[in-house]
Number of protein chains: 2
Amino acid sequence: MRKGEATRERILDVAEASVLAKGFAATSIEEVIAEAGITKSGFFYHFRDKNELAHELLRRYIAEDHRILDELFGRAAELSDDPLQAFLIGLKMLAELMADLPGGHPGCMIASICYQERLFDRRVVDLNREAIESVNSRIRSHLEAIAAAGPPREPVDIAVMAEMLSCIIDGGIIMAKVTGDPHRLVRQILAYRTFVKMQFAGPSAAGVSPRSRGVAAE
Amino acid sequence: MRKGEATRERILDVAEASVLAKGFAATSIEEVIAEAGITKSGFFYHFRDKNELAHELLRRYIAEDHRILDELFGRAAELSDDPLQAFLIGLKMLAELMADLPGGHPGCMIASICYQERLFDRRVVDLNREAIESVNSRIRSHLEAIAAAGPPREPVDIAVMAEMLSCIIDGGIIMAKVTGDPHRLVRQILAYRTFVKMQFAGPSAAGVSPRSRGVAAE
DNA sequence: GCATTTCCGTACCGCAGGTACAGTTTTGGA
DNA sequence: TCCAAAACTGTACCTGCGGTACGGAAATGC
């Protein structure tokens, strides 16, 4: 039971790296089992077929993603009672997290699957949609709390601003991977942070509502 | 000669759609030639191997991309002498162009290749990097002209703001594809437009430098 | 110590990428 | 009109991988 879990995780680790580097179709089971140190029979003991591998790969990625985001913005909320400051702190911590990844972000599984839609059954595609909407929803709730204290400087839909972070991250990952410069992703997240700050706490908008000065405010 | 070109383009059309929907490895030559109405021998007459297909696919995509961007911002520049207004007009036209795509944007070839790096030789990978830097450079030149007339409200590197558009587009395409809602890409481009407008022409920054009122200003 | 879990070995099928090469049709130009 | 080049077709073949099937062995936990 415990040993089985470990092997399963090892298979998923190897497969995830391969999928993000070569795509799902080019991720050969032979290569995965060779790197994971098992046989083909061992692989098919853990996963019925390749499609189930994809499903579990995505499920695990989403769970980890949610865990990280919740912990990150949870800690940020402990550092400031003001929703805006907490969100800005969270964004800065997110940027630092990305900066600390050795070799840069390996890639977003959601984006990878998105560009190979036709390979997967509806369960995987639906899960992918739910995942991205779930992240959007989490971010949106933060922005709604911020907007409750005062309207944005320029009229931009809160939902669109929430989606923008997902776009910035996915786009930033691509930018970083293509150019070979991991810092590009970090810069983009901080640029988004500037956008949020300007929308809700720009110098000329100060005084509209009581904004506490948090550690992330510059 | 002319007939050969047409067949070649037809192959590339079919292959491009398949690559953006299933990935490169899963794009079977058998399927491409069936849809293009030729034989396998015919395919290998035009392309030495699958890697050359990838290279030509990317080359064609980049050329078309540059053509569209140049024409779009070129026309925008004719509508306003002010760099900021021209850029804002260009962004709005870009958003409209994306909104008019039937079935939404089919996907970005650069992003697709990025998530399958290890499949291709260095020529393709290098071309991909040059392509994204080239787009960044084009956008940056516009933003530099804008910044020359007055500093941004918040200190954000012009290069980062230029890269941000690429990120927004690539991220927006993914968001639109995964959710099945093409309009999400349009909204993101317009949100980026708002960011640029706020940075260089916000109401509280007015009067710093003479900004002409263009048709795209709201 | 015993059942369950966790894997190994082997043998096999079908499909697609890719190669090789000879032959055929189409096309554009002199 | 003819001819050479371009633009394919047809066939045959090799290789590697996804996937199946099934029997058995070793490790694990109670």
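Each chain gets a letter, A, B and so on, in the order the sequences are listed, and its residues count up from 1. In this text, all values refer to a predicted model and were calculated from it rather than measured experimentally.
- B:Glu31 and B:Thr27 share no donor-acceptor pair across their side chains, judged by distance under 3.5 Å alone.
- The side chain of A:Tyr45 places no N or O atom within less than 4.0 Å of a non-bridging phosphate oxygen (OP1 or OP2) of C:dC7.
- For the pair B:Thr39 and D:dT9, the criterion of a side-chain N or O lying under 4.0 Å from OP1 or OP2 is met.
- Ion pair A:Arg75/A:Glu78 not flagged as a salt bridge, since none of the NZ, NE, NH1 or NH2 atoms sits closer than 4.0 Å to an Asp/Glu carboxylate oxygen.
- Within the 4.0 Å cut-off from OP1 or OP2 of C:dC15, not a single side-chain nitrogen or oxygen of B:Ser28 is found.
- If you take CZ of A:Arg10 and P of C:dT6, they are 13 Å apart, rounded to a whole angstrom.
- Distance NZ (A:Lys50) to P (C:dC15): 17 Å, rounded to an integer number of Å.
- Rounded to a whole Å, the CZ atom of B:Phe44 is 6 Å from the P atom of C:dT19.
- The aromatic rings of A:Phe87 and A:Phe73 sit parallel to each other, their planes meeting at less than 30°, with 60° as the upper class boundary.
- For D:dA7, the OP1/OP2 oxygens have no side-chain nitrogen or oxygen of B:His46 closer than 4.0 Å.
- At the phosphate of D:dT11, neither OP1 nor OP2 sits under 4.0 Å from any side-chain N or O atom of B:Ser41.
- C:dC8 atom P lies 9 Å from atom CD1 of A:Ile33, rounded to whole Å.
- Two rings, from A:Phe195 and B:Phe195, have their centers less than 6.0 Å apart.
- The nearest whole Å value for the distance from the CZ atom in B:Phe47 to the P atom in D:dC8 is 11 Å.
- We find that A:Arg184 and B:Glu133 are joined by a salt bridge, their nearest charged nitrogen and carboxylate oxygen being less than 4.0 Å apart.
- The CG atom of B:Asn51 sits 9 Å away from the P atom of C:dG18 (whole-angstrom rounding).
- As a whole-Å value, the separation of A:Arg48 CZ from C:dT6 P is 16 Å.
- Rounded to an integer number of Å, the gap from CG of A:Asp49 to C1' of D:dG18 is 10 Å.
- For C:dG9, its base never sits under 3.5 Å from the side chain of A:Lys40 at any donor and acceptor pair.
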